[in-house]
*Asks:* 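Dumping the structure here so I can ask a few things about it.
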Protein chains: 2
Amino acid sequence: MTELEQSIKLKRGFRSLREEAMLNLVRTVDQTQIAFTRLFREHGITPQQYNVLRILSGAGEPLPCLEVAARMVTVVPAITGLIDRLEKAGLAVRKRCADDRRIIFVELTPGGRGLLKALEEPVDRLHEELLGQLTDTELKTLIRLAAKARETAEERNGA
Amino acid sequence: MTELEQSIKLKRGFRSLREEAMLNLVRTVDQTQIAFTRLFREHGITPQQYNVLRILSGAGEPLPCLEVAARMVTVVPAITGLIDRLEKAGLAVRKRCADDRRIIFVELTPGGRGLLKALEEPVDRLHEELLGQLTDTELKTLIRLAAKARETAEERNGA
DNA sequence: TCCAGTTACTTGACATATCAACTATTGTGT
DNA sequence: ACACAATAGTTGATATGTCAAGTAACTGGA
């Protein structure tokens with residue numbers, strides 16, 4: 001396909017097919033995150049707080065602060081305030097490690113575990129609702145292409 | 001185990017194919033936005049500020065504050081501070097409308113226009129670099145599936 | 001033992017997003 | 001003309017993300 005043919009097919013405002021793809025991805029994630037943010041807010045937490053709870057639950061054991069941050073896309077300093085707020089909300093607690101006093105473990109409280117349990121079904125339902133129009137085949141294609149699309153970025157960002 | 005499961009070190013699998021797709025999308029957008037954020041920072045602006053400049057440039061004329069916000073995924077109150085900072089940086093200016101004194105137009109300054117011009121080539125190059133591994137066919141598929149994936153969300157969010 | 005480097009976090013400054021509430025201005029109905 | 005609703009934006013409180021810089025604790029080598 002020539003450059004001209006390509007440019008003709010471009011929707012107004014996009015400088016290239018790649019830019020169009022990028023902006024489509026960003027908008028899709030933005031829109032879906034808005035829906036999840038609202039769901040979480042109904043339960044008194046933010047998406048990031050939910051991520052921390054989910055990671056702690058998935059690990060099945062207390063994790064060091066930085067380990068939690070590493071499993072999120074979150075930058076290190078941000079984890080401090082995040083855990084501060086979870087602690088204030090009674091959903092998690094900090095526990096200093098006896099062996100290495102630099103390390104501070106984060107642990108789910110029963111309250112945190114209960115909230116996660118209560119969110120399981122609504123979260124599943126929202127995933128179903130938001131992506132319900134896509135067939136399994138389409139979902140697999142989307143997963144494959146999204147993974148391919150971030151390969152270069154992950155290398156550059158040192159993932 | 002998929003690449004994403006490895007990279008975020010989930011011990012249990014995804015709860016559903018839809019969740020896997022969702023987390024893949026989020027992860028991809030996060031990673032690519034990190035790269036763009038760095039590029040913009042080298043030029044002294046943030047991704048959001050770039051978006052405002054790009055919208056004003058695309059419109060070709062001054063736009064009301066809320067019109068700018070409407071063209072972004074940005075919530076109304078956030079646009080105020082965003083424009084404050086652009087104004088302070090000398091990249092845009094506010095101009096009160098004479099006909100309807102409630103409306104405040106935002107306009108690019110020559111400096112803002114110049115910055116956009118300087119960013120054109122690096123931004124194109126970054127799009128090329130990040131998504132260069134995807135063929136045109138794959139890009140089109142990705143665009144189509146991403147659009148389909150956000151249909152429900154946009155309806156729910158009143159887009 | 002002591003010091004320099006590393007590691008695990010925390011803090012501070014700033015940009016942004018969210019919602020609710022507020023001001024200023026305009027339009028509308030009576 | 002007056003009361004009230006609608007519109008355009010701003011402000012304030014809170015949550016989060018970014019980087020740079022700081023603190024506390026461990027580690028390895030002279």
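Values below: every heavy atom of this structure, side chains too, minus hydrogens, waters and symmetry copies. Residue numbering restarts at 1 for every chain, and letters A, B, ... go by the order of the sequence lines.
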*Asks:* Which whole-number value in Å describes the distance from A:I83 CD1 to C:dT10 P?
*Replies:*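 Atom CD1 in A:I83 sits about 7 Å away from atom P in C:dT10.
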*Asks:* Can you tell me how far C1' of C:dA15 sits from CZ of B:F36, to the nearest Å?
*Replies:* 20 Å
*Asks:* May I have the step-by-step check of side chain to side chain donor-acceptor pair (under 3.5 Å) for B:N24 and A:R150, ending in yes or no?
*Replies:* CA-CA 9 Å; B:N24 259 276; A:R150 70 169 175 274; 3.1 Å; yes
*Asks:* Under 4.0 Å between a side-chain N or O of B:Q48 and OP1 or OP2 of C:dA15?
*Replies:* no
*Asks:* Taking the nucleotide of DNA chain D with the closest heavy atom to each, which residue, A:D99 or B:D100, is nearer the 5' end?
*Replies:* B:D100
*Asks:* Going by the salt bridge (Lys or Arg N to Asp or Glu O under 4.0 Å) test, name the single residue among A:E129, A:E121, A:E128 that passes it with A:R125.
*Replies:* A:E121
*Asks:* For A:P64 and for A:I34, find the nucleotide of DNA chain C with the closest heavy atom, then tell me which residue's nucleotide is more 5'.
*Replies:*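 The residue closer to the strand's 5' end, by nearest nucleotide, is A:P64.
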*Asks:* Given D:dG17, is OP1 or OP2 found less than 4.0 Å from the side-chain N or O atoms of B:R38?
*Replies:* no
*Asks:* Would you indicate which nucleotide in C:dA15, D:dG9, D:dA15 comes nearest to any side-chain atom of B:R85?
*Replies:*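 Closest nucleotide among those given: C:dA15.
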*Asks:* Take atom CG of B:D84 and atom P of D:dT10, then tell me their distance rounded to the nearest Å.
*Replies:* 7 Å
*Asks:* Please work out if A:I79 contacts a base, only the sugar-phosphate, or nothing of the nucleic acid, heavy-atom cut-off 4.0 Å.
*Replies:* nothing
*Asks:* Quickly work out the B:I104 CD1 to D:dT11 C1' distance and round it to whole Å.
*Replies:* 14 Å
*Asks:* Counting side-chain heavy atoms from C-beta on, which of D:dA6, D:dA15, C:dC9 comes nearest to B:R102?
*Replies:*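 For B:R102, the side-chain atoms sit closest to D:dA6.
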*Asks:* Whole-Å distance between D:dT18 P and B:E42 CD?
*Replies:* 16 Å
*Asks:* In plain terms, say whether A:R27 and B:E154 are close enough for a salt bridge, that is, a side-chain N and a carboxylate O under 4.0 Å apart.
*Replies:*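 Not counted as a salt bridge, because no side-chain N and carboxylate O are separated by less than 4.0 Å.
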*Asks:* How many whole angstroms separate atom CG of B:L82 from atom P of D:dT10?
*Replies:* 11 Å
*Asks:* Are the side chain of B:E67 and the backbone N or O of B:L63 linked by a donor-acceptor pair below 3.5 Å?
*Replies:* no
*Asks:* Over all strands shown, is A:P77 touching base, sugar-phosphate only, or nothing at heavy-atom distances under 4.0 angstrom?
*Replies:*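 Contact class for A:P77: base.
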*Asks:* Send over the distance from A:L63 CG to C:dA8 P, rounded to a whole Å.
*Replies:* 13 Å
*Asks:* OP1 or OP2 of C:dT16 versus the side-chain N and O atoms of B:T46: is any pair under 4.0 Å?
*Replies:* yes
*Asks:* Once you round it to whole Å, what is the distance between C1' of C:dA15 and OH of B:Y50?
*Replies:* 19 Å
*Asks:* Are B:T74 and C:dT16 close enough that a side-chain N or O sits under 4.0 Å from OP1 or OP2?
*Replies:* no
*Asks:* Is there a side-chain contact between B:R41 and the phosphate of D:dC19, meaning an N or O under 4.0 Å from OP1 or OP2?
*Replies:*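 The answer is yes; a side-chain N or O of B:R41 sits under 4.0 Å from OP1 or OP2.
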*Asks:* Would you say a side-chain N or O of A:R96 is under 4.0 Å from OP1 or OP2 of C:dT10?
*Replies:* no
*Asks:* Just N and O in the side chain of B:R101: are any of them under 4.0 Å from OP1 or OP2 of C:dT25?
*Replies:* yes
*Asks:* Measure up the A:F36 and A:H127 rings against each other and bin them: parallel (under 30°), tilted (30 to 60°), perpendicular (over 60°).
*Replies:*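 Rings of A:F36 and A:H127: tilted, as their planes differ by 30° to 60°.
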*Asks:* Quick one: is B:Q33 getting a side-chain N or O under 4.0 Å of the D:dG17 phosphate, OP1 or OP2?
*Replies:*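 Answer is no, no contact under 4.0 Å.
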*Asks:* Please tell me which of the listed nucleotides, D:dT10, C:dT10, C:dA8, lies nearest to the side chain of A:R94?
*Replies:*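 Among D:dT10, C:dT10, C:dA8, the one nearest the side chain of A:R94 is C:dT10.
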*Asks:* Ion pair present between A:R38 and A:E42, side-chain N to carboxylate O less than 4.0 angstrom?
*Replies:*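 No, this pair does not count.
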